[in-house]
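If you scroll down you'll find the structure; I have some questions about it.
Here the structure is a predicted model, which means the values were calculated and not measured. Basis for what follows: all heavy atoms, side chains included, without hydrogens, waters or symmetry-related copies.
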Amino acid sequence: MTNYAHQQKCTYFLKTFVLLLISVLILFLSIGTPSEAAKARQLRYYALDVGQGDCSLFVLPDGRNVVIDAGPRSNARKTVNYLKSCGVRKIDLLIATHPHEDHIGGMKELLARIPVKQIWDSGYNHGSKIQRDFYLAVKDKKIPFGRPKRGYAAKMGDVTFEVLAPARALKGTSSDANNNGLIVLVTYGDVSFLMMGDAQKKEQETVSPLPRAAVLKAAHHGAANGTDAALLREVSPDIIILSYKRGNSYGHPHKETVSAIRKAKILRFDTADGPVKLRTDGKSVTFERKRVVK
């Protein structure tokens, strides 16, 4: 074999090896990292750290945004800034689960700074100034406003928002505002999020049995009158989220609830440790936060 022929053969084998190496690398990267198309099919969920209160954000696979509650007034500016940092420029659906200040205190600030397409409200008239200010802001901006009850469901792309409660008006409970609130089941593929608001046992009894859900937003900030062992058995969540401020005057989460979660071996996240971030492709749920409560 001539020197030239030998060089040509070596060059051929070298090129073949390099092409094979590049092909393997491309295959590895395509398996190891989710494609842009796969990311686009994901639903993102955020439980915001709003102090002693509640605010959740769903970013749907089609890009629409759904916000449930807006936290207390004292944290309103921070809440809105965080929503904007998540890319929220408009809210397609805003849900007010019930009229307590720690859930709707931030509504006025939110409505002033982010356009909202429609609102769901519990329909319970608390009569507080906070609630009146919220209603006046809605009226001033002429936002479509509804009071859905049990049995109502809305489809937003591939995601369903189903109202489980209120089923009927309750009076004379330990907190009528809590027990006439909205309970919403959010479903994408095989994965559901059960958003309990501050529903206590009285309201839960009107919609029992509650459906199974992969993610449970704990009722009433982890209070024993909202989240107990019976509820955990009924819903059988893989993940539970507790929204509260550390050192709050209510003692949330209550020790009975904490003990029940631990015994049930449910993966727990607390907003007191910072925002909770989850993703789902409709089949499984992954989390972005490293802090897991044991």
What's the shortest heavy-atom distance between Pro72 and Gly53, and which atoms?
CD-CA, 4.2 Å

Could you state the interatomic distance from CG (Leu182) to NE2 (His98), rounded to the nearest 0.5 Å?
10.0 Å

In the structure I gave you, are the side-chain heavy atoms of Leu210 and Met196 within less than 4.5 Å of one another anywhere?
yes

Quick one: does Thr97's side chain get under 4.5 Å of Asp198's, heavy atoms only?
no

With sequence neighbours left out, write down each residue that passes side-chain contact (heavy atoms from CB on, under 4.5 Å) with Asp228, or none if nothing qualifies.
Lys201, Ala230, Leu231

Test side-chain hydrogen bond (donor to acceptor under 3.5 Å, both in side chains) applied to Asn180 - qualifying residues, sequence neighbours left out:
none

Heavy-atom pair with the smallest gap, counting every atom of Ile91 and Leu93
CG2-O, 3.2 Å

Look up atom OH in Tyr188 and atom OG1 in Thr280, then write down how far apart they are to the nearest 0.5 Å.
7.5 Å

Return the minimal non-hydrogen interatomic distance between Thr79 and Ala70, and the atom names on each side.
CG2-O, 4.0 Å

Pick from Val215, Leu267, Val276: which one makes a side-chain contact (heavy atoms from CB on, under 4.5 Å) with Phe287?
Leu267

Distance (rounded to the nearest 0.5 Å) between Leu110 CG and Asp69 CG
11.0 Å

Going by side-chain contact (heavy atoms from CB on, under 4.5 Å), name the residues that satisfy it together with Lys129, two or more places apart in sequence or in a different chain.
Arg132, Asp133

Dump the intermediate steps for side chain to side chain contact (heavy atoms under 4.5 Å, CB included) on Glu203 and Asn178, then the final yes or no.
CA-CA 8 Å; Glu203 182 170 42; Asn178 286 345; over 6 Å; no

So, using ring pair (Phe, Tyr, Trp, His ring centres under 6.0 Å) as the criterion, who are the partners of Phe134 when residues are at least two apart?
none

When you look at NZ of Lys142, are more than 12 heavy atoms from neighbouring residues, nucleotides or ligands closer to it than 6.0 Å?
no

How would you list all residue pairs meeting salt bridge (charged side-chain N to carboxylate O under 4.0 Å, His left out) that involve residues 78-107, not counting sequence neighbours?
Lys90-Asp92, Asp92-Lys117

Heavy-atom side-chain proximity of Val67 to Cys55 below 4.5 angstrom:
yes

Determine yes or no for a side-chain-to-main-chain donor-acceptor pair under 3.5 angstrom, with Thr257 supplying the side chain and Gly222 the backbone.
yes

Smallest heavy-atom separation, Gly226 atom then Ala219 atom, equals O-CB, 3.5 Å

Listed partners of His252 passing side-chain hydrogen bond (donor to acceptor under 3.5 Å, both in side chains), at least two apart:
Gln52

What I want to find out is whether Arg64 reaches Asp62 closely enough, with some N-O distance under 4.0 Å, to be called a salt bridge.
yes

Where Asn179 and Ala199 come nearest, the two heavy atoms and their spacing
OD1-C, 4.3 Å

Determine, step by step, whether Gln200 and Ser174 satisfy the side chain to side chain donor-acceptor pair (under 3.5 Å) criterion, reporting the C-alpha distance in whole Å, the side-chain angles of both residues, the deciding distance to 0.1 Å, and the verdict.
CA-CA 9 Å; Gln200 298 176 358; Ser174 60; 2.6 Å; yes

What class does the angle between the rings of Phe193 and Tyr45 fall in, given that below 30° is parallel, 30 to 60° is tilted and above 60° is perpendicular?
tilted

Partner residues of Ala153 under the side-chain contact (heavy atoms from CB on, under 4.5 Å) criterion, sequence neighbours left out:
Thr160, Glu162

Restricting to ring pair (Phe, Tyr, Trp, His ring centres under 6.0 Å), what partner residues turn up for Tyr124, sequence neighbours left out?
none

Return the set of residues passing side-chain hydrogen bond (donor to acceptor under 3.5 Å, both in side chains) with Tyr135 (not counting sequence neighbours), or none when no residue passes.
Asp121, Gln131

Side-chain (Glu234) to main-chain (Pro209) donor-acceptor, under 3.5 angstrom:
no

Working to the nearest 0.5 Å, report the span between OG1 of Thr187 and CG of Leu194.
9.5 Å

I'd like to know if the side chain of Ser208 and the backbone of Glu205 have a donor-acceptor N/O pair within less than 3.5 Å.
no

Below 4.5 Å, heavy atoms only, C-beta onward: do Ser56 and Ile95 meet side chain to side chain?
no

According to a hydrophobic-cluster definition based on side-chain heavy atoms being under 4.5 Å apart (Ile, Leu, Val, Met, Phe, Trp, Tyr only), do Leu185 and Val235 belong together?
yes

Determine, using the 4.5 Å side-chain heavy-atom cutoff (strictly less than), whether Leu94 and Ile130 are members of one ILVMFWY cluster.
yes

Any chain of hydrophobic side-chain contacts (each under 4.5 Å) joining Leu111 to Phe145?
yes

Interatomic spacing from NE2 in His100 to NE2 in His220 - rounded to 0.5 Å:
7.5 Å

Looking at Lys155 and Phe161, would you say the former's side chain and the latter's main chain have a donor-acceptor pair under 3.5 Å?
no

Where do Ala214 and Val285 come nearest, in terms of heavy atoms and distance?
CB-CG2, 4.5 Å

Just by distance, do the side chain of His221 and the backbone of Ser243 share a donor-acceptor pair under 3.5 Å?
yes

Show the numbers, then the answer: is there a side chain to side chain contact (heavy atoms under 4.5 Å, CB included) between Leu232 and Ile240?
CA-CA 9 Å; Leu232 298 179; Ile240 189 167; 3.8 Å; yes

So, do Asn75 and Leu48 sit near enough that their side-chain heavy atoms are less than 4.5 Å apart?
no

Within-4.5 Å side-chain heavy-atom neighbours: Leu57 and Cys86
yes

Can you list every pair that meets salt bridge (charged side-chain N to carboxylate O under 4.0 Å, His left out) and has a residue in residues 46-61, with sequence neighbours left out?
Asp54-Lys217

Are any non-hydrogen side-chain atoms of Thr271 and Val50 less than 4.5 angstrom apart?
no

Is Arg150 reaching over with its side chain to a backbone N or O of Pro166, donor-acceptor style, under 3.5 angstrom?
no

Value rounded to 0.5 Å, distance of OG in Ser122 from CD1 in Ile104:
8.5 Å

Applying side chain to side chain contact (heavy atoms under 4.5 Å, CB included) to Tyr250 and Tyr244, what does each step give before you reach the verdict?
CA-CA 10 Å; Tyr250 306 98; Tyr244 67 94; over 6 Å; no

Any side-chain heavy-atom pair from Pro275 and Tyr46 closer than 4.5 angstrom?
no

If you count every heavy atom of other residues, nucleotides or ligands that lies below 6.0 Å from Lys202 atom NZ, does the total exceed 12?
no

Which salt bridge (charged side-chain N to carboxylate O under 4.0 Å, His left out) pairs, counting each pair once, include a residue from residues 165-188, with sequence neighbours left out?
none

Let's go through Arg246 and Asp273 carefully: what are the C-alpha distance in whole Å and the side-chain angles of both, what is the deciding distance for side chain to side chain contact (heavy atoms under 4.5 Å, CB included) to 0.1 Å, and is it a yes or a no?
CA-CA 9 Å; Arg246 205 171 300 285; Asp273 297 318; 2.6 Å; yes

Not counting sequence neighbours, which residues clear side-chain hydrogen bond (donor to acceptor under 3.5 Å, both in side chains) with Arg212? List them please.
Asp238

